[in-house]
There are 2 protein chains.
Amino acid sequence: MSLSCREDPEEPLTHIDEPKSLLVREALNSPAEARALTEIMLTIFRINGRLLEKGDALVRTLGITSAQWQVLGAVSLAAKPLTAPQIAEAMGITRQGVQKQLDRMTKEDLFEKRPNPRHERSSLYWPTPKGQQIYSEAMRRESLWAQELSEGLSGPELQGALDLLRQLHRRLEAPLPKEGE
Amino acid sequence: MSLSCREDPEEPLTHIDEPKSLLVREALNSPAEARALTEIMLTIFRINGRLLEKGDALVRTLGITSAQWQVLGAVSLAAKPLTAPQIAEAMGITRQGVQKQLDRMTKEDLFEKRPNPRHERSSLYWPTPKGQQIYSEAMRRESLWAQELSEGLSGPELQGALDLLRQLHRRLEAPLPKEGE
DNA sequence: CGCCATTTGACAACTTGTTTCCATATTCGT
DNA sequence: ACGAATATGGAAACAAGTTGTCAAATGGCG
C-alpha cells in the first residue's frame, strides 16, 4: 500500500537499457482507434478488479461471495432449475468451478438438488427459500448501489458506452485461432 | 461448451417458486441510468473474461503468461529497476503474488536481480535482454491485435466509451464504506 | 546510541478457478 | 439394438493470488 523504499522518482539508480522505448514506439505507430481500444481494455481490467471488491463487500454480510451471488443470479435468470454444466455455460466459467460453489451452497442450504428426469447423475439445482431470500436482498442492494453510482452520469453516454462494449464483446467471443500452438 | 441436456427452453420441468419475479421487479423500479450501468458492469465482467483468454493466447507461444506479461509491463513502464513491493503497488496485487512471478521469471532468465543500495535483502528487478525481447514482441502482437479488433469501430464512440469508463473507474476507487461489517 | 514500528523476504496454508484424467451415463447414427 | 461419440461427475494437479507467521533489515525518535 506504500512504496517506502523508493519514493523520489528521479534519482538514477542502476539501469543499463530501456525496454520503455519499445513500448512507446509501438504505441505511437498505432492508429488512434487501436490506442483508444487498448486503453479501454486496460480500464476494463481495472474496473473489473474494483467491481469484484465492491460486489464482495456488498453481499458479505449476507454470508455469500460474489461468485455465489453470480450462481444464484444465473439460475434465477433462467427461472427454472439448471444443471451445473448449464450454469457454467451461462456464467462463462467451467463446470467444475460451478460445481464447487453449488456443493458448498447446497451444504449451506442455499440450493437444493432435484432429480433430473433427463439424466441420472446430473442433478438440477434450485435455490431454497433461504437462497431466494438472500438473492433478492443482494439484488436490492445492487440496485441501490447502481443508482448511487450512476448519479449524474449522462443517460445517452451510458447507453453509448454499453452499445460499444456489447459490440466489443461480440467481436471477442468467436475467434480463438490457436495462435500457432 | 454446449448444453446437451436441456436444449429446448420451454418444457416446464419441476419448479415450485420463482425468484425471477423479484429480479424483474427490482430492475423495473430502477431509473434507466442505473439499469444501463448495471448492464455495463455485467458486460465488463464478460469482456474481462474474454480478454484474459485472448491475452494468454496472444503470449502463450512466447513462453509467458499474461500475469508475467503484466509484471514485465509494470517494470518497463517505470523504465527503471523496481523492487517486488513496488511492482505489487503498481499492479494492485500483493507483494507475495508478485514475488512468485519474479522468482519464476528470474529462474527462466527473463528478469535479473540487482543489488539494491537502499536495502540489503530487497533486490531490484530488471528484465534481461531475453525478457526485454519477449516483452517487446508481446507488445507488438498486442498492437496488431488491437488494430484488428478496432477495425470499423467509430473513433469518437471509442473515445466516448473510454471517457465514461474512466469516470466509472474514478467513482469506484475511493469509497469502501465497510457495509456494516 | 538504542528501542521500536514498519518494511521486506521466505514459507505455508488457503481460495477460486482451470486443466487433466478416468469412469460412468447419455445420445445418436447405423 | 448396438456401438461410437459426447456429456457428466469426481478427483487430483496446477495456476494465480491472498492471508498469516516469522525473522531480518530499515528508519525514525527519544
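Side chains are part of it too, since the values below use all heavy atoms of this structure and drop only hydrogens, waters and symmetry mates. Here the structure is a predicted model, which means the values were calculated and not measured. A, B, ... follow the sequence lines: proteins, then strands. Residue 1 opens every chain.
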Atom [atom1] of [X] to atom [atom2] of [N]: distance rounded to whole Å?
X       : N       : atom1 : atom2 : value
D103(B) : dA12(C) : CG    : C1'   : 15 Å
F45(A)  : dA16(D) : CZ    : C1'   : 15 Å
I87(B)  : dG17(D) : CD1   : C1'   : 16 Å
Q99(B)  : dA12(C) : CD    : C1'   : 15 Å
D56(A)  : dT19(D) : CG    : P     : 11 Å
L52(A)  : dT18(D) : CG    : C1'   : 14 Å
N48(A)  : dG17(D) : CG    : C1'   : 14 Å

Query raised in the report: Which letter, B, S or -, goes with each nucleotide of nucleotides 14-22 of chain C from 5' to 3', with contact meaning a protein heavy atom under 4.0 Å?
Result: --SBBBB--

Requested in this report: Taking salt bridge (charged side-chain N to carboxylate O under 4.0 Å, His left out) as the test, write out the residues that go with E137(A), two or more places apart.
Outcome: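 By the salt bridge (charged side-chain N to carboxylate O under 4.0 Å, His left out) rule, E137(A) matches R140(A), R141(A).
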
Query raised in the report: How would you list all residue pairs meeting side chain to side chain donor-acceptor pair (under 3.5 Å) that involve residues 149-162 of chain A, not counting sequence neighbours?
Result: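 Sorted result for residues 149-162 of chain A: Q159(A)-D163(A).
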
Requested in this report: Could you tell me which residues satisfy side-chain hydrogen bond (donor to acceptor under 3.5 Å, both in side chains) with S66(B), sequence neighbours excluded, listed by chain and number?
Outcome: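 Residues passing side-chain hydrogen bond (donor to acceptor under 3.5 Å, both in side chains) with S66(B): D56(B).
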
Requested in this report: List in chain and number order the residues that pass side-chain hydrogen bond (donor to acceptor under 3.5 Å, both in side chains) with D103(A), two or more places apart in sequence or in another chain; answer none if no residue qualifies.
Outcome: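 If we apply the side-chain hydrogen bond (donor to acceptor under 3.5 Å, both in side chains) test to D103(A), skipping adjacent residues, the hits are Q99(A).
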
Report task. Using the test side chain to side chain contact (heavy atoms under 4.5 Å, CB included), find all partners of K100(B) that sit at least two apart in sequence or belong to another chain. Result ->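 Scan of K100(B) (side chain to side chain contact (heavy atoms under 4.5 Å, CB included), adjacent residues dropped) gives none.
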
Query raised in the report: Mind checking what makes side chain to side chain contact (heavy atoms under 4.5 Å, CB included) contact with S123(B), not counting sequence neighbours?
Result: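 Counting only residues at least two positions away or on another chain, S123(B) forms a side chain to side chain contact (heavy atoms under 4.5 Å, CB included) with K113(B), Y125(B).
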
Do any N or O atoms of the protein come closer than 3.5 Å to N or O atoms of nucleotides 25-28 of chain D, and which pairs are they?
{"from": "dA25(D)", "atom 1": "OP1", "to": "E120(B)", "atom 2": "OE2", "distance (Å)": "3.3"}
{"from": "dA25(D)", "atom 1": "O3'", "to": "E120(B)", "atom 2": "N", "distance (Å)": "3.4"}
{"from": "dT26(D)", "atom 1": "OP1", "to": "E120(B)", "atom 2": "N", "distance (Å)": "2.5"}

Side-chain donor/acceptor pairs under 3.5 Å, residues 37-44 of chain B, sequence neighbours excluded:
{"from": "T38(B)", "atom 1": "OG1", "to": "E142(A)", "atom 2": "OE2", "distance (Å)": "3.1"}
{"from": "T38(B)", "atom 1": "OG1", "to": "A34(B)", "atom 2": "O", "distance (Å)": "3.0"}
{"from": "E39(B)", "atom 1": "OE1", "to": "R166(A)", "atom 2": "NH2", "distance (Å)": "2.8"}
{"from": "T43(B)", "atom 1": "OG1", "to": "E39(B)", "atom 2": "O", "distance (Å)": "2.8"}

Query raised in the report: What distance do T83(A) atom OG1 and R118(A) atom CZ have between them, rounded to the nearest 0.5 Å?
Result: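 Interatomic distance, T83(A) OG1 to R118(A) CZ, rounded to 0.5 Å: 11.0 Å.
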
